[in-house]
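For reference, the structure discussed in these notes is given below.
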Amino acid sequence: MHFWVRDCEMTDYKVKDIGLAQEGRLLIDYAEKHMPVLMHLRKQHSDKKPLKNMRISGCLHVTKETAVLIESLRAMGAEVAWCGCNPLSTNDKVAAALAANNVPVFAWNGLNKEEYYWCIEKTLQYRPNLTLDDGADLIFTLHRKHEDLISNLYGGSEETTTGVIRVRAMSEDGALKYPIVAVNDAATKHMFDNVYGTGQSTFDGVLRASAILIAGKTVVISGYGFCGRGLAARARGFGADVIVTEVDPVKALQARMDGYRVMPMKQAAREGDLFITSTGMKDIINAEHMKVMKDGAILGNAGHYNVEINGSDLDSLSTGKKRVRPALDEYLLRDGRRLYLLGEGRLVNLVAAEGHPSEVMDLSFAAQMNAMLWLTLHGKTLKPAVYTFPEELDKQTAMAKLETMGIKIDKWTTEQTAYAKAYAEGT
Ligand code: 3DD
């Protein structure tokens with residue numbers, strides 16, 4: 001039986017090297033200075049401890065920004081246990097700093113599948129009454145193997161597009177047993193994190209891993225959702241010729257109207273120098289495409305799971321592979337061509353870089369914080385379902401962010417507010 005420990009060396013944790021704690025603390029302190037909205041929320045609430053007696057089990061990339069969220073949740077009175085939501089995204093320095101600060105954290109970079117789920121199990125041993133997830137692996141594990149924990153739960157939150165799709169599917173199947181707030185559906189999350197965060201941090205990862213020049217290259221973006229739109233815009237900003245592939249005719253039309261070339265992957269595969277997938281779907285790039293790619297083409301994934309680039313197809317076409325740079329593998333194909341895979345096909349922003357910048361995670365994690373506060377107040381009255389994020393909270397977060405940027409906006413007069421509701425006044 002695990003118990004909550006504070007301020008003593010009894011905290012249970014498993015990290016790569018606790019000796020990295022001091023370096024990790026520097027990273028966390030730096031991130032705090034770029035997350036004013038979350039820090040404001042922390043200051044606003046921490047005296048009243050609104051999350052007192054709440055036990056949060058979190059499964060979300062262990063980065064400097066996540067550490068600010070964790071320490072903010074604790075400042076609000078919650079007990080927090082944590083694991084990563086991707087085997088290759090944990091920042092070991094940050095994990096060490098959290099452990100040194102008495103957070104039960106089970107995360108290190110380079111987990112195998114068994115270790116990954118061992119970390120989730122350890123995090124669930126703290127018998128949470130709130131869960132905070134990114135990709136729904138913790139939610140799914142809890143449902144499948146720990147039904148006894150369901151009755152403790154006020155609710156949970158889900159961070160990412162893929163995870164919200166997954167819990168919505170569970171709900172439609174009648175399999176969801178506790179309420180989940182779809183944090184990804186908060187406008188102040190997906191309109192910023194997914195667009196500007198993914199757009200910038202993915203190229204951060206691409207450049208750190210490959211050191212290529214983007215200008216003059218043909219970049220193929222698969223998926224024109226919020227992430228794809230950000231990716232295409234940043235690729236164009238770097239001077240690339242951008243091709244978009246899609247299955248949704250509306251999104252494809254939008255991509256064309258935004259000025260990008262649109263075509264099937266089979267055709268784009270012949271032209272691309274750099275391929276980035278962000279669809280949430282598996283096998284977007286497979287053997288058929290790899291067979292016609294240029295020598296030296298680089299493949300990367302921005303989606304949550306490593307299913308979008310078919311790794312076994314790449315292996316089957318290759319005579320061997322070698323790690324030529326920290327997050328870049330060179331595959332030598334039987335016909336002599338070389339293809340390069342970024343970050344083992346996992347989300348390249350967190351594997352080859354540090355994920356989204358703190359300023360945009362500030363918004364996503366303000367939404368997470370508000371979701372935890374909202375569930376603490378209302379969770380026990382909610383049916384098991386997936387709940388959209390309260391619009392009023394979105395507006396509060398956006399207003400708070402504008403204030404930190406020194407931006408003021410207009411406000412409707414009472415007459416204008418009345419006009420917005422009126423319908424008699426026509427032309
Ligand atoms: N994600 C991207 N950058 C991150 C960071 N710096 N810290 C924690 C998590 C981070 C991924 C998710 O927050 C979210 O963007 C998603 O939708 O997965």
Side-chain angles (χ1 to χ4, degrees), residues 24 27-28 30-35 38 58-73 82-95 97-98 105 107 109 132-139 157-167 181-206 208 223 225-231 234 277-280 300-308 343 346-369 371 389:
L27 293 173
I28 298 166
Y30 182 75
E32 281 183 3
K33 295 176 176 54
H34 296 81
M35 300 177 82
L38 194 57
C59 178
L60 197 152
H61 307 286
V62 178
T63 66
K64 58 190 185 299
E65 291 78 17
T66 301
V68 177
L69 172 61
I70 290 169
E71 295 182 342
S72 300
L73 291 167
W82 212 269
C83 61
C85 66
N86 183 289
L88 300 178
S89 65
T90 290
N91 181 317
D92 290 321
K93 296 174 183 173
V94 170
L98 287 169
V105 53
N109 197 302
L132 196 157
D133 210 340
D134 184 338
D137 283 337
L138 180 137
I139 292 170
S157 66
E158 173 48 52
E159 170 84 4
T160 197
T161 312
T162 303
V164 168
I165 292 168
R166 195 176 179 190
V167 292
V181 173
V183 165
N184 184 72
D185 293 2
T188 47
K189 194 273 178 181
H190 65 264
M191 288 176 71
F192 302 90
D193 172 315
N194 299 27
V195 178
Y196 306 104
T198 306
Q200 177 170 322
S201 65
T202 298
F203 280 96
D204 187 2
V206 167
R208 293 193 202 196
F226 286 95
C227 295
R229 261 171 265 166
L231 289 163
R234 297 298 159 264
T277 57
S278 70
T279 67
N301 167 50
H304 184 80
Y305 298 128
N306 65 329
V307 296
E308 306 202 26
R346 293 193 180 279
L347 21 69
V348 63
N349 60 342
L350 284 148
V351 173
E354 298 174 53
H356 302 345
S358 305
E359 291 93 331
V360 80
M361 294 312 300
D362 191 22
L363 290 166
S364 305
F365 288 168
Q368 283 287 4
M369 173 66 78
F389 193 76

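Every number for a ligand or one of its atoms is a count from 1 in the order of the listing.
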Determine, stepwise, if the pair Met361 / Val68 fulfils side chain to side chain contact (heavy atoms under 4.5 Å, CB included).
-> CA-CA 10 Å; Met361 294 312 300; Val68 177; over 6 Å; no
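- Annotation for ligand 1: atoms under 4.0 Å from non-hydrogen atoms of Thr66 are 7 (N), 8 (C).
- Every ring-ring contact (aromatic ring centres under 6.0 Å, His included) that His190 has, sequence neighbours left out, goes to Phe226.
- In His356, the parts holding a heavy atom less than 4.0 Å from any atom of ligand 1 are both the side chain and the backbone.
- Of all the heavy atoms of Lys64, none lies under 4.0 Å from any atom of ligand 1, so neither backbone nor side chain is involved.
- Look at Arg208 and Asp204 and you find a salt bridge, because one of the NZ, NE, NH1 or NH2 atoms lies within 4.0 Å of a carboxylate O, short of that distance.
- Every residue two or more places apart in sequence or in another chain that forms a ring-ring contact (aromatic ring centres under 6.0 Å, His included) with Phe203 is listed here: Phe238.
- Not a single N or O atom of Asn194, backbone or side chain, sits closer than 3.5 Å to an N or O atom of ligand 1.
- Using a 4.5 Å cut-off on side-chain heavy atoms (C-beta onward), Thr66 and Val94 make no contact.
- Checking only distances, Thr160 does come within under 3.5 Å of ligand 1, N or O to N or O.
- Within the structure, the closest approach of Lys189 to ligand 1 falls below 4.0 Å when heavy atoms are considered.
- Here is the list of ligand 1 atoms found below 4.0 Å of a heavy atom in Glu354: 6 (N).
- Annotation: Glu159 places an N or O atom under 3.5 Å from an N or O atom of ligand 1; distance criterion only.
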